[in-house]
Colleague: 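This is the structure, below, for whatever I ask next.
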Amino acid sequence: MLNPQQRAAVDTTEGPVLVLAGAGSGKTRVITEKIAHLIATGRVAAKHIAAITFTNKAAKEMRERVAKRIKGDAAEGLTVCTFHSMGLKILQIEHEAAGLRRGFSVFDADDSAAQIRDLLPKGADRDTLESVKALISRAKNEGLDPEGAAAAAQSPREREAADIYGHYQRRLSAFNAVDFDDLIRLPLKLLEENADLAGGWRERLRYLLVDEYQDTNGAQYRLLKALAGPKANFTCVGDDDQSIYAWRGADPENIMRLGRDFPQLRVITLEQNYRCARRILRAANAVIANNPHEHPKQLWSEHDDGPPIRVVECDNNEQEAERVAAEIAFQQERDKRPWHDFAILFRGNHQSKPLEKALQMLRVPYHLSGGTAFLDRGEVKDAMAWLRLIANPDDDAAFLRAVGAPKREIGQTTLAKLSELAGQLHLSLGRAAERTDVVSRLASRPGAALDGFTRLVHELRSQAGRLTAADLYRQVIEHSGLLPALRAEHGEGPAYQRRRENLEELANWLDGERASPGDLVAQLSLLSHSDRDNPGNTVRLMSLHAAKGLEFHAVFMIGAEDGLLPHQASLDEGRLEEERRLMYVGMTRAKRLLQISHSRRARRYGELVKLEPSRFLAELPDAEVHRIGDNSEQDQSEKQVRAETHMARIAALLGGDAG
DNA sequence: GGTGAGCTTCTTTAC
DNA sequence: GAAGCTCACC
């Protein structure tokens with residue numbers, strides 16, 4: 001059953017709708033119900049509806065919810081994707097108008113950084129690189145091209161960055177490549193500057209639903225407006241208290257902007273929380289009340305109070321990890337709950353290491369979802385570089401990676417010479433390497449090696465059109481020599497096996513996909529490890545950012561220390577409120593049990609440092625909290641039970657593990 | 001041109 | 001404390 005506000009949000013199918021939805025107020029439900037409603041009433045066919053999310057995890061979650069809600073093939077053709085994958089799709093279809101050739105590459109953050117570093121004066125320090133990178137990204141997130149950025153520049157530093165932005169963009173264009181930010185900026189440019197093209201897309205996507213709307217940046221907002229067109233049939237769902245992406249250009253102002261740009265906007269507020277026990281809700285409300293609010297929400301719940309929030313002090317972060325792991329093992333055993341009811345949330349991905357160790361010790365099944373861990377693996381990047389180079393002969397970044405994976409007697413000297421010759425001929429590295437007049441001017445041994453490489457890539461490329469992406473990938477693995485090189489480097493040991501498995505997993509990802517190899521590789525670069533595999537019944541480990549939009553029976557937040565949560569960098573940059581929202585997001589993921597822990601000491605850069613509890617802990621109302629110290633004033637009998645369960649578990653594991 | 005010992009640096013968060 | 005990088009050697 002939907003409550004009246006949810007009902008209104010679902011039933012208002014005409015024109016622009018903004019749903020201000022507090023944490024746990026059923027906003028994903030509103031989106032899935034609205035999709036179902038649009039389809040069921042025949043108002044819009046599934047293929048004309050697009051639901052847009054911010055993370056792949058959220059898109060996946062949404063797809064599953066829709067599949068459950070809409071049986072059969074009624075949902076056929078529905079688009080559920082991130083802003084970036086939608087941008088990619090538009091660019092792949094409209095590549096000509098965007099000045100790109102088929103098979104263009106998507107540069108990841110590393111590729112982009114490498115290019116920008118290369119464009120900076122020699123010897124430029126890291127800070128300069130970071131600042132230029134950030135300025136270019138910010139300009140792109142506002143939809144500015146290099147000329148626009150130059151015009152908007154306020155300082156010499158910004159003018160310089162705008163200048164490098166221009167060079168960087170010319171280079172991307174020469175490589176037939178785009179970066180992540182371009183996946184929004186370029187489609188936006190196309191739609192804003194080409195009325196026919198925009199009309200086509202509006203015809204195709206007649207109804208838009210945007211989740212986590214508070215996280216849109218300027219370019220995404222304009223892309224939304226351009227896609228919606230004058231009919232403005234869209235629903236934006238968001239919560240200003242959960243805006244946690246300002247650091248990557250998100251502009252919560254977009255919430256207010258909507259009302260100004262669309263006077264007919266229907267605003268609906270959802271204030272009933274269906275998720276959290278009352279104590280959790282009261283505590284979370286108390287924390288977020290410390291942020292200034294233009295329109296304070298009054299979240300309420302019909303649930304019971306639930307148990308107190310546990311605030312646990314630990315001696316150090318390894319002990320913290322052990323205690324959390326033991327507590328989860330204990331509760332799972334006692335309550336016979338599935339493992340996936342438990343989540344451990346942290347500020348930084350590096351905090352997962354001690355947790356993994358402790359969980360493995362207790363044989364607790366867990367799933368780490370975070371970052372782009374999988375695609376960041378060296379061997380996976382190598383294989384991806386081969387695929388990219390096959391799809392896009394002008395992708396110099398891919399060329400440089402593939403030519404050295406595995407090592408084939410081509411070193412810096414040869415590559416520098418090749419690069420010089422390619423520059424003179426205005427050719428990409430890959431195309432230059434195909435020319436005999438270029439190769440003949442290289443030293444004979446490396447020249448021959450390069451020639452062998454070029455022939456191999458050429459041969460694979462000639463097959464690419466006939467093969468599925470998965471089959472092409474198998475050819476790459478067979479002929480590139482990647483696997484033998486890994487075996488030579490690591491022997492047959494676990495290090496080799498793990499890398500081999502990663503390469504096999506990439507094959508599994510590609511299997512059954514219908515898109516062309518080139519298109520698929522581009523899509524792949526937007527995925528992260530956890531997006532494809534099914535975590536099953538396991539404890540979930542993820543960053544607070546990744547947890548947004550999810551909910552769990554029991555949530556363990558770790559590392560609640562000043563400097564981590566709130567993070568020092570955010571404090572330095574005056575973003576305390578965003579950190580508080582992060583705390584709020586973490587707390588409101590818990591349905592019933594919430595434990596927040598912190599350590600007095602932790603290992604940082606190999607050294608033990610003293611830590612202070614997070615200032616946010618002081619904002620928790622005493623009445624809702626049970627504070628548990630190191631020398632635990634915990635009930636002794638409870639401690640006894642825990643110890644016994646723990647021992648029994650270890651005994652069982654030892655028994656079961658023998659042999 | 002490839003390799004390994006020793007040096008530096010590093011931690012937000014994500015597409 | 002580990003990963004990544006530089007420089008000296010094969």
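Per chain, numbering begins at 1; letters A, B, ... match sequence-line order.
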Colleague: What pairs with A/Asp519 under salt bridge (Lys or Arg N to Asp or Glu O under 4.0 Å), at least two apart in sequence or on another chain?
Modeller: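 Not a single residue meets the salt bridge (Lys or Arg N to Asp or Glu O under 4.0 Å) criterion with A/Asp519.
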Colleague: Could you state the atom-to-atom distance from CG of A/Leu223 to C1' of B/dC15 in whole Å?
Modeller: 14 Å
Colleague: Please determine if a side-chain N or O atom of A/Thr413 lies less than 4.0 Å away from the OP1 or OP2 oxygen of B/dG1.
Modeller: yes
Colleague: Less than 4.5 Å apart, side chain to side chain, heavy atoms only: is that true for A/Asp395 and A/Asn176?
Modeller: no
Colleague: On DNA chain B, does the nearest nucleotide to A/Ala569 precede the nearest nucleotide to A/Asp181 from the 5' side, or the other way round? Give the residue.
Modeller: A/Ala569
Colleague: Considering only nitrogen or oxygen atoms on both sides, find all protein atoms under 3.5 Å from nucleotides 7-11 of chain B and state each distance.
Modeller:
from   : atom 1 : to       : atom 2 : distance (Å)
B/dT9  : O3'    : A/Arg126 : NH2    : 3.4
B/dC10 : OP1    : A/Arg126 : NE     : 2.4
B/dC10 : OP1    : A/Arg126 : NH2    : 3.3
B/dT11 : O2     : A/His350 : ND1    : 3.1
B/dT11 : O2     : A/His350 : NE2    : 2.5

Colleague: What integer distance in Å separates A/Glu607:CD from C/dA2:P?
Modeller: 15 Å
Colleague: A/Asn349 side chain: which of B/dC15, B/dT13, B/dG2 is closest?
Modeller: B/dT13
Colleague: Would one find more than 12 heavy atoms of other residues, nucleotides or ligands at under 6.0 Å from atom CD of A/Gln568?
Modeller: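 Check passes, neighbour count above 12.
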Colleague: Are the charged groups of A/Glu578 and A/Arg581 less than 4.0 angstrom apart, N to O?
Modeller: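 Yes, this pair counts.
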Colleague: Could you check how far CD of A/Glu409 sits from P of B/dG2, rounded to whole Å?
Modeller: 7 Å
Colleague: Kindly write out the residues that satisfy ring-ring contact (aromatic ring centres under 6.0 Å, His included) with A/Phe180, not counting sequence neighbours, or none if the list is empty.
Modeller: none
Colleague: Would you mind reading off the distance between A/Ile244 atom CD1 and B/dC15 atom C1', rounded to a whole angstrom?
Modeller: 14 Å
Colleague: Counting side-chain heavy atoms from C-beta on, which of B/dA14, B/dT3, B/dG1 comes nearest to A/Ser543?
Modeller: B/dA14
Colleague: What is the distance, rounded to the nearest whole Å, between atom CE of A/Met542 and atom P of B/dA14?
Modeller: 11 Å
Colleague: What is the distance, to the nearest angstrom, from the CD atom on A/Gln214 to the P atom on B/dT13?
Modeller: 20 Å
Colleague: The side chain of A/Lys407 is closest to which nucleotide in this list: B/dC15, B/dG1, B/dG2?
Modeller: B/dG2
Colleague: Rounding to an integer number of angstrom, what distance separates B/dT13 and C/dG4 when you compare their C1' atoms?
Modeller: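 Those two atoms are separated by 22 Å.
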Colleague: Answer yes or no: does a side-chain N or O of A/Asn141 lie under 4.0 Å from OP1 or OP2 of B/dC15?
Modeller: no
Colleague: If we require ring centres under 5.5 Å and near-parallel planes under 30°, does A/Trp247 stack on B/dT13?
Modeller: yes
Colleague: Contact class for A/Ile184 (heavy atom, under 4.0 Å): base, sugar-phosphate, or nothing?
Modeller: nothing
Colleague: To the nearest Å, give me how far apart CZ (A/Phe346) and C1' (B/dA14) are.
Modeller: 14 Å
Colleague: Could you tell me how far apart A/Tyr245 (OH) and B/dC15 (C1') are, to the nearest whole angstrom?
Modeller: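 To the nearest whole Å, that distance equals 9 Å.
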Colleague: Could you check whether the rings of A/Phe107 and A/Phe175 sit parallel, tilted or perpendicular, using 30° and 60° as the cut-offs?
Modeller: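 Ring orientation of A/Phe107 relative to A/Phe175: tilted.
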Colleague: Base, sugar-phosphate, or nothing for A/Ser85, non-hydrogen atoms under 4.0 angstrom?
Modeller: nothing
Colleague: To the side chain of A/His545, which of B/dG1, B/dA14, B/dC15 is closest?
Modeller: B/dA14
Colleague: Can you see if the side chain of A/Ser525 gets near the phosphate of B/dC15 - specifically, an N or O under 4.0 Å from OP1 or OP2?
Modeller: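 For B/dC15, neither OP1 nor OP2 has a side-chain N or O of A/Ser525 closer than 4.0 Å.
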Colleague: Nearest 0.5 Å, please: how far is CZ in A/Phe346 from NZ in A/Lys353?
Modeller: 11.0 Å
Colleague: 5'-most contact on DNA chain B: A/Phe180 or A/Arg575, nearest heavy atom basis?
Modeller: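 Residue closer to the 5' terminus by nearest nucleotide: A/Arg575.
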Colleague: Using a heavy-atom cut-off of under 4.0 Å over every strand shown, decide if A/Phe83 touches base, sugar-phosphate, or nothing.
Modeller: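 Contact class for A/Phe83: none.
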Colleague: Any side-chain heavy atom of A/Leu582 within less than 4.5 Å of one from A/His567?
Modeller: no
